[in-house]
Structures are given as C-alpha cells and as structure tokens.
Amino acid sequence: MNRMTKILSVSLIAIAGFAVAQTAMEPMAAHNARVAYMKLMGAQMGVLGPMAQAEVPYDAVAAQAAANILAGLANGNISALFVEGSDSDSLAESRALPAIWTDSEGVIAKWTALGAGATAMQAAAGVDLASLQAAMGGLGGACGSCHESYRKPAPQ
C-alpha cells in the first residue's frame, strides 16, 4: 500500500471513528452520521465489486486499499449511530427499520458476520483476482443479509 493510500485509509477510519464516538446525538444527526458511515463502506464495495465481477481490471493495490478501509469500518463499534428516534418510522429520511432497536442479538450477529467477511476480504483482496472473488461471497452475503432484515427498500 502506498503512502497516500495509507493516509487516506487512516483518515477515513479516524473520521468514522469520531462520528461513532459521539454520544447522545440527536436522531437526525445520528441518521446523517450513519448514512455517511454506510456510504464510506459502500464506496469500498464499489471498488471491490466491479473487480470481482470482472467489470474492471483487477488492481491489487486498489483492491487492498479498499479492503483495508472496509475492514476498519466493518469492525468498528457503530452503536452510537443508532439513536432511538432515528428509524424509518420516526424520520422520513431514514431507511433503518425499527427492528434494529428490537432485535439487538440479530443486529450484533449480522454486524459480526460483516466484520468477519471484511476481514477475510482484507486478507484476500491483494493476493489475486481469484482470492478476491472467493472472499466476495461472504462479504456480499453479510451486507445483503443486514439490508434485507433491517433496511427499508429504496423508494421507487
């Protein structure tokens, strides 16, 4: 990983960590921080996914950088971003289903699975395309499982 990628990775993780460290956020602030956090993760998937699907050429350096950032984010404690009143029933802008607040065991299990998938991707991404592709199933499955259970579908 080159110096610029390391700096960017550390900066993004620090920014995300700062957002999570905030306590007693107002519901809208928690929602906005949560959306930003998830967009950071989605941006990394936007690098890894097209490579895994052979839509763009495999680039070991870019894949590793994205996987490093994603692993840092997916293994973070984001509980402070889930403030009561920031769900889809309370805020029109939110897509977080109320089940997040009533199924803590399920949420923790899915977040743990995401962390494991991201860690596996971190180990595989820079090796070769086949390794990245093999790790994508667990990672994508963990993302999708949480979205299916706890995220309201996007408006049509």
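Throughout, residue positions are numbered sequentially from 1 according to the sequence presented.
- Nearest heavy-atom pair, Leu139 versus Gly117, reported as atom, atom and distance to 0.1 Å: CD1-C, 3.9 Å.
- When all heavy atoms of Ala62 and Met51 are compared, the pair lying nearest together is CB-CE, 3.9 Å.
- The nearest pair of heavy atoms linking Pro27 to Gly85 is CB-O, 3.3 Å.
- The shortest side-chain heavy-atom distance between Leu132 and Leu48 falls under the 4.5 Å cut-off.
- Of the inter-residue distances, the one linking Gln122 atom CD with Gln44 atom CD reads 11.5 Å to the nearest 0.5 angstrom.
- For the pair Val83 and Trp101, the tightest heavy-atom approach, listed with the atom from each and the gap, is O-CZ2, 3.5 Å.
- How far CD of Gln53 is from CE of Met136: 7.5 Å, rounded to the nearest 0.5 Å.
- Atoms CZ and OG, from Phe82 and Ser104 in turn, are 12.5 Å apart once rounded to the nearest 0.5 Å.
- One finds the OG atom of Ser86 at 10.0 Å from the CG atom of Asn32 (value rounded to the nearest 0.5 Å).
- Hydrophobic clustering places Ile78 together with Met45 (ILVMFWY residues linked when any side-chain heavy atoms are closer than 4.5 Å, directly or through intermediates).
- Atom CD of Glu55 has more than 12 heavy atoms from other residues, nucleotides or ligands within 6.0 Å.
- Remark: Leu114 CG to Met121 CE distance equals 11.0 Å, nearest 0.5 Å.
- A single hydrophobic cluster is seen to contain both Tyr37 and Val107, as judged by linkage of ILVMFWY side chains at heavy-atom distances under 4.5 Å, directly or through other members.
- Two residues are said to be in side-chain contact when any heavy atoms from C-beta on lie closer than 4.5 Å; Ser88 and Tyr150 fail this criterion.
- Checked by atom type and distance alone, the side chain of Tyr58 pairs as donor or acceptor with a backbone atom of Asp128 at under 3.5 Å.
- A donor-acceptor distance shorter than 3.5 angstrom exists from the side chain of Thr112 to the backbone of Ile108, with no hydrogens or angles considered.
- For the pairing with Leu40, the side chain to side chain contact (heavy atoms under 4.5 Å, CB included) check across Leu70, Val35, Leu73, Ile69 returns one residue only, Leu73.
- Between the side chain of Ser149 and the backbone N or O of Ser145 there is at least one donor-acceptor pair closer than 3.5 Å.
- Distance alone, capped at 3.5 Å, places no donor-acceptor pair between the Arg34 side chain and the Ala96 backbone.
- Between Lys110 and Ile100 the shortest side-chain heavy-atom distance does not fall below 4.5 Å.
- When all heavy atoms of Ala74 and Ala118 are compared, the closest pair comes out as CB-CB, 3.6 Å.
- Atom-to-atom distance recorded for Glu26:CD and His31:NE2 is 14.5 Å, nearest 0.5 angstrom.
- Between Gly126 and Ala60, the closest heavy-atom pair is O-CB, 3.7 Å.
- Panel note: side chain Ser94, backbone Leu91; no donor-acceptor pair is recorded below 3.5 Å.
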